[in-house]
Amino acid sequence: MLDRKYILENATAVKQNCTNRNVQVDVDRLVELETARHAILQQVQELNTQSNVESKKIGQAKDEAERDALKIKARVLRERKDAAQSEHDRLEEEIKEIQLAVPNMAHPDCPVGVDDKSNLELGRGKHHPREFDFAPLDHLELGEKHDWIDFEGGSRTTGNGFYFLKGELVLLDLALQQYAVSELSKRGFTPTITPDLAQDSILEGIGFMPRGPETQIYSIENMNLSLIGTAEITLGGLYSGKTLADSELPIKLCGISHCYRTEAGAAGRASRGLYRVHQFTKIEMFAFTLPEQSPAMHEELRQIECDLFDAIGVPYRVVDTATGDLGGPAYRKFDLEAWMPGRGESGEWGEVTSTSNCTDYQSRRLNIRYKIKDKKGTQFVHTLNGTAFALSRALISILENHQNADGSVSVPECLRPIMGREVMGR
RNA sequence: GGAAGAGUGGCUGAGUGGUCGAAAGCGCCUGAUUGCUAAUUAGGUGAACGGGUCAAACUGUUCCGCAGGUUCGAAUCCUGUCUCUUCCGCCA
């Protein structure tokens, strides 16, 4: 959510930004309504003041007659105030609805474009895509060969898009989690296991739509709870409504959670195997910072993502996400796309991580503030998030890149001490 | 899940339907004082939104878990709801 005053004062820029992001919002209408609301608010306050003044006189009235006269006067004022108030509230509601739909502003360096075709490649990782001297299998074939992934069983017990992980692949999954958590701990992130459900108001604060026809979120019937699509939701919600001391910032959290996504409307898209599933585990980074800290923090998150994928020996490229592909909350977003030899005809890049600087967009919705000691007033913190490992996709990238001619898979060096083996599936 | 109790400012904790944004204490800040990392003492000390100002000063509204209701007026009365504590039950 953008500051309302900011929208009014920068209406042209806000409108241009909506266009760049391919978002339809009636900014003019918002400006018009807000101006009207302001005028009415003045009236409300004026009437309220008068009414308060009259009410106070009643307590000091010397007799019943005076009392009754004052009561009538006060009642009339109160009624006029209530009328103005309800008009004000009606406007407020409509304004809020529009305001919530306005996306965050975009970083000036963001490539402008309506979709991911305009994304800009910024660089590549340490490792390059392999030349195989045998016909590589995709992760599904590998998974089937070793009985590591059971989609059929997942489908039978739960539904299409669910799966069982089995055997050594579970060890690999856990090793990745442990490696990421331990690396992040070293870098000052507090490991955090979050609830897998959150209140709808928190989902909305982070920028998700928990209900409705286009929702990506599973919600619980008869409750205002939904399954989280990412730990970003719960980690961001952790300090909702709080005012933090500037001295405690930045706060860096490493969230471990399951992620649930309906993937509504995703049918038919290239999504074989583990690439697009309804449930996966994710190690997520999240940071609350002072505004001036957020660009450096964003860089830090991006660097960590690169370090992690370099460490597991997976080739990737870094992409600067175009305006139309940013979503609502992000001010700037970098994605890591890993090389997946089993995708497409002869391998494709597939998104494995994403890190966003959401500036004060989420904190304003969630009301997360900071206070500078000895300084009056409070400000909104900046929030950032980044993927350490989305396990499903990280597993794809390891299986497909590290497979051997005999169908076994070499364990990335950094995971060997954790897994206690150098090769799996042999 | 059942029963009882409680939710007030950074914390502890008063509060009779009107003079309560709210006593008192602690903490914190400022000043005074005493030759000494402290004591004593005076004063000050919440937030959001708006008006005002170059900036202040100043000023209006709202806020006593949350949402409604009664009333001219609610921290105070009523209803609902959430959270916490204790006891009981159940359970990994």
Side-chain angles (χ1 to χ4, degrees), chain A residues 1-9 30-100 193-205 210 220-226 234 237-249 251 258 291 360-381:
Chain A
M1 180 165 66
L2 295 180
D3 180 42
R4 218 176 271 184
K5 211 188 290 176
Y6 177 88
I7 298 175
L8 257 62
E9 287 166 2
L30 188 150
V31 172
E32 181 188 319
L33 291 170
E34 175 64 5
T35 309
R37 187 190 70 86
H38 241 97
I40 290 180
L41 183 61
Q42 301 281 354
Q43 285 180 36
V44 171
Q45 297 199 339
E46 177 58 30
L47 287 166
N48 204 359
T49 304
Q50 289 179 28
S51 153
N52 284 344
V53 168
E54 293 304 319
S55 287
K56 283 195 174 146
K57 287 186 192 162
I58 293 171
Q60 285 133 28
K62 48 186 179 300
D63 58 50
E64 276 309 304
E66 188 184 342
R67 231 180 150 77
D68 289 343
L70 283 167
K71 272 194 191 181
I72 290 167
K73 203 171 166 190
R75 183 184 288 128
V76 169
L77 281 167
R78 173 61 46 172
E79 280 164 1
R80 285 177 58 197
K81 180 246 161 186
D82 285 344
Q85 181 78 54
S86 58
E87 171 66 4
H88 171 271
D89 292 349
R90 197 185 59 72
L91 288 172
E92 171 64 25
E93 202 177 321
E94 196 177 338
I95 293 164
K96 193 85 189 177
E97 198 175 316
I98 301 174
Q99 189 185 4
L100 284 171
I193 293 177
T194 88
D196 285 347
L197 293 111
Q199 295 181 15
D200 289 346
S201 60
I202 300 293
L203 286 268
E204 283 157 8
I220 307 296
E221 197 177 7
N222 299 326
M223 295 207 207
N224 63 346
L225 289 177
S226 295
T234 36
L238 183 56
Y239 292 108
S240 61
K242 292 274 194 189
T243 301
L244 305 162
D246 62 332
S247 56
E248 23 180 359
L249 296 172
I251 293 172
H258 292 125
D360 59 1
Y361 190 87
Q362 295 174 327
S363 63
R364 184 172 286 109
R365 286 166 165 240
L366 291 168
N367 195 22
I368 307 173
R369 300 162 173 277
Y370 70 92
K371 179 166 170 52
I372 297 176
K373 194 166 159 54
D374 299 330
K375 221 173 136 186
K376 205 171 151 54
T378 55
Q379 307 287 319
F380 292 107
V381 303

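Owing to the predicted nature of the structure, the values given are computational and were not obtained by experimental measurement. So that the names make sense, note that chain A is the first sequence line, chain B the second, and so on, each numbered from 1.
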A/Gln362 side chain to A/Gly205 backbone, donor-acceptor under 3.5 Å: no
Pair partner, B/rU19 [Watson-Crick or wobble, under 3.5 Å]: none
Counterpart base for B/rG50, defined by Watson-Crick or G-U wobble contacts under 3.5 Å: B/rU59
Interatomic distance at P, B/rG7 relative to B/rC77, whole Å: 11 Å
Distance, P atom - from B/rU76 to B/rG21, rounded to whole angstrom: 13 Å
Partner nucleotide of B/rG73 by Watson-Crick or wobble geometry (both distances under 3.5 Å): none
For atom NZ of A/Lys81 and atom P of B/rU71, their distance in whole Å: 15 Å
Gap between atoms CD1 and P, on A/Ile368 and B/rA47 respectively (whole Å): 19 Å
Pairing nucleotide - B/rG9, Watson-Crick or G-U, each distance under 3.5 Å: none
Cationic N near anionic O, under 4.0 Å, A/Glu93 to A/Arg90: no
Partner nucleotide of B/rU37 by Watson-Crick or wobble geometry (both distances under 3.5 Å): none
P-based separation of B/rC88 from B/rA74 [nearest Å]: 42 Å
Within 6.0 Å of CZ in A/Arg4, more than 12 heavy atoms from elsewhere: yes
Between B/rG50 (P) and A/Ile40 (CD1): distance, integer Å: 17 Å
Exercise: identify the closest heavy-atom pair between A/Ile368 and A/Ser240: CG1-CA, 3.7 Å
Distance below 4.0 Å between A/Asn52 side-chain N/O and B/rG73 OP1 or OP2: no
Interatomic distance, A/Arg78 CZ vs B/rC72 P [rounded to whole Å]: 11 Å
Pairing nucleotide - B/rA92, Watson-Crick or G-U, each distance under 3.5 Å: none
Given RNA chain B, 5'-ward residue of the pair A/Leu41 and A/Gln50, judged by closest heavy atom: A/Leu41
Heavy-atom pair of closest approach, residues A/Ser201 and A/Leu366: O-CD2, 4.5 Å
A/Leu47 CG to B/rC72 P, straight-line distance once rounded to whole Å: 17 Å
Distance between C1' atoms of B/rG44 and B/rA38 (Å, rounded): 22 Å
Separation of B/rC72 C1' from A/Asp68 CG (nearest whole Å): 10 Å
Any A/Thr378 side-chain nitrogen or oxygen under 4.0 Å from OP1 or OP2 of B/rA48: yes
Base-pairing mate for B/rU79 - Watson-Crick or G-U, with both contacts under 3.5 Å: B/rA67
Of A/Ile220, A/Leu225, A/Asn224, the residue whose pairing with A/Asp200 passes side-chain contact (heavy atoms from CB on, under 4.5 Å): A/Asn224
P spacing across the pair B/rU30 / B/rG46, given as an integer number of angstrom: 15 Å
Pairwise P distance, B/rC29 and B/rA39 [rounded to whole Å]: 13 Å
Touch class at under 4.0 angstrom, heavy-atom based, for A/Arg4 against every strand present: nothing
Rounded distance in Å between the C1' positions of B/rC91 and B/rG2: 16 Å
A/Arg75 CZ to B/rU70 P, straight-line distance once rounded to whole Å: 12 Å
Phosphate OP1/OP2 of B/rG60 contacted by A/Asn48 side-chain N/O (<4.0 Å): no
Paired nucleotide for B/rG43 [Watson-Crick or G-U wobble; both distances under 3.5 Å]: B/rC29
A/Ser55 side-chain proximity, nearest of B/rA48, B/rG51, B/rG18: B/rG18
Sugar-phosphate only, base, or nothing, as touched by A/Gln42 at under 4.0 Å among non-hydrogen atoms: sugar-phosphate
Distance-only donor-acceptor check, side chains A/Gln50 and A/Glu46, under 3.5 Å: yes
Rounded distance in Å between the P positions of B/rU8 and B/rC66: 10 Å
Upstream residue (5' side of RNA chain B) when A/Phe380 and A/Gln45 are each assigned their closest nucleotide: A/Phe380
Minimum-distance nucleotide (side-chain atoms of A/Ala74 versus B/rC72, B/rU61, B/rA47): B/rC72
Touch class at under 4.0 angstrom, heavy-atom based, for A/Glu54 against every strand present: nothing
Length of the line joining A/Gln379:CD and B/rC49:P, which is rounded to integer Å: 9 Å
Residue pair A/Lys96 / A/Met1: nearest heavy atoms and the distance that separates them: NZ-SD, 3.9 Å
Closest listed nucleotide, where the reference is the side chain of A/Thr49 and the choices are B/rC72, B/rU61, B/rA47: B/rU61
